[in-house]
Amino acid sequence: MRRPAFLALAALLFSFGGLGVPPANAVLPKEMLADPALEARAREIGQQLRCVVCQNQSVDDSDADIAHDFRIIIRQQLLKGESNAQVMAYMVARYGDFILLKPPFEWKTAALWFGPGIAFLLGGTLVFAYVRRRHPAGQTAPLTAEEERRLHQLVKED
Amino acid sequence: MKRLLFALPALLLVVVVVAFAFGLTRNPAIIPSTLIDKPLPAFSLPNVYEGKPGLRNTDFAGEPRILNVFASWCTACRIEHPLLLRLKGEGWPIYGLDWKDDPKDAVQWLERMGDPYVSAMNDKSGHTGIDLGVTGVPESYVIDRLGRVRYKQVGPISEDDWKNTLKPLLQKLAQET
């Protein structure tokens with residue numbers, strides 16, 4: 001096959017291949033709790049919290065020192081018997097809603113949640129109306145006798 | 001009427017562009033403090049100097065103070081350090097929180113660079129910093145006479161920050177009852 005197509009296919013297969021690899025994270029063995037159920041909850045929480053230094057990464061994924069501290073605190077809280085929601089609330093109390101990777105669903109964030117949908121509907125409506133105007137589903141005018149004869153002539157010449 | 005309808009997307013675009021242009025002037029990396037107008041979180045930490053008394057959150061009362069979060073390993077802290085030393089000379093009450101640091105290193109650093117603090121406490125684990133919502137160093141908090149956080153400065157304090165924001169705020173808080 002031609003080179004650009006080959007490269008595109010290779011890139012696609014390569015990226016799909018990546019899905020089979022277990023996700024990497026920055027959780028160190030010495031941080032992990034002995035109880036697998038608690039550790040699983042800690043990982044769940046860590047994946048939902050934003051690292052405040054490397055702000056596009058979760059606390060679980062970030063190698064930053066403060067992410068390590070957050071992971072320790074999460075586990076300390078879980079060992080105290082706090083629920084997942086309580087641990088998340090503990091962190092939000094200190095750093096605000098921005099620390100949640102998924103913004104909370106409140107009237108404050110309504111624009112964030114509904115914005116794309118509304119923009120899509122608005123744009124879609126306008127596009128639909130525009131297309132309908134340009135191509136009305138109607139009859140074209142029938143051919144006159146003169147046009148009919150000319151058409152006949154042209155077709156015969158073929 | 002049809003004209004208006006077709007002008008609508010262009011109008012929306014202008015609104016969105018203006019909003020984004022304004023947004024570009026702001027720094028998204030700075031997380032606003034959740035502690036504004038709230039009392040300091042509870043803490044009781046040892047002094048960086050061995051033998052000297054530690055600090056508690058309840059000690060922050062009676063006068064407006066600055067709580068400066070620093071560390072011996074923090075390079076950006078050196079930017080504001082001369083200013084802090086000058087402010088100490090002028091009599092402003094600045095307290096230090098030595099964050100995620102060995103107190104011995106902090107003492108060495110303060111002895112070498114000068115100590116601008118009335119008192120500096122050591123938060124070795126960094127957990128008190130997390131209670132304060134610290135994301136890095138340096139950061140500074142303005143605490144009022146009742147021990148409430150009134151302002152948080154992220155990053156080193158510049159001359160402008162002092163002159164235009166922190167100094168007027170401290171003066172205003174001194175007048176509060």
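In what follows, chains are A, B, ... by sequence order, proteins preceding strands, each numbered from 1. Remember, predicted model here, so these are calculated numbers, not experimental data.
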Could you please spell out the steps behind the side-chain contact (heavy atoms from CB on, under 4.5 Å) verdict for A:V52 and B:V134?
CA-CA 9 Å; A:V52 293; B:V134 169; over 6 Å; no

Do B:W99 and B:F70 share a hydrophobic cluster, counting only Ile, Leu, Val, Met, Phe, Trp and Tyr and linking them when any side-chain heavy atoms are less than 4.5 Å apart?
no

If hydrophobic clusters are built by linking Ile, Leu, Val, Met, Phe, Trp and Tyr wherever their side-chain heavy atoms come under 4.5 Å apart, do B:Y95 and B:M121 end up in the same one?
yes

Please indicate whether B:R86 has more than 12 foreign heavy atoms, meaning atoms of other residues, nucleotides or ligands, lying under 6.0 Å from its CZ.
yes

If you count the non-hydrogen atoms of other residues, nucleotides and ligands that lie under 6.0 Å from CZ in B:R112, is the total more than 12?
yes

Is it the case that more than 12 heavy atoms not belonging to A:R150 sit under 6.0 Å from its CZ atom?
no

Are there over 12 heavy-atom neighbours, none belonging to B:E50, within less than 6.0 Å of that residue's CD?
no

Is it the side chain or the backbone of B:I31 that comes within 4.5 Å of chain A heavy atoms, both, or neither?
side chain

Has B:T34 got a side-chain atom pairing as donor or acceptor with A:A93's backbone, closer than 3.5 angstrom?
yes

Examine whether an atom of B:S125 lies under 4.5 Å from a heavy atom of chain A, and if so say whether it belongs to the side chain, the backbone or both; otherwise answer neither.
backbone

In Å, rounded to the nearest 0.5 Å, how long is the span from OG1 of B:T135 to OH of A:Y95?
7.0 Å

Roughly how far, to the nearest 0.5 Å, is CZ of A:R94 from CG of B:D131?
4.5 Å

What residue, out of A:I99, A:D97, A:V53, A:I73, has the most heavy-atom pairs lying under 4.5 Å from chain B?
A:I73

Max heavy-atom pair count under 4.5 Å with chain B, selected residue of A:I72, A:L126, A:I66:
A:I66

With the 4.5 Å side-chain cut-off for hydrophobic clustering, are B:L87 and B:I143 part of the same group?
no

Side chain, backbone, both or neither: which part of B:K100 has a non-hydrogen atom closer than 4.5 Å to chain A?
side chain

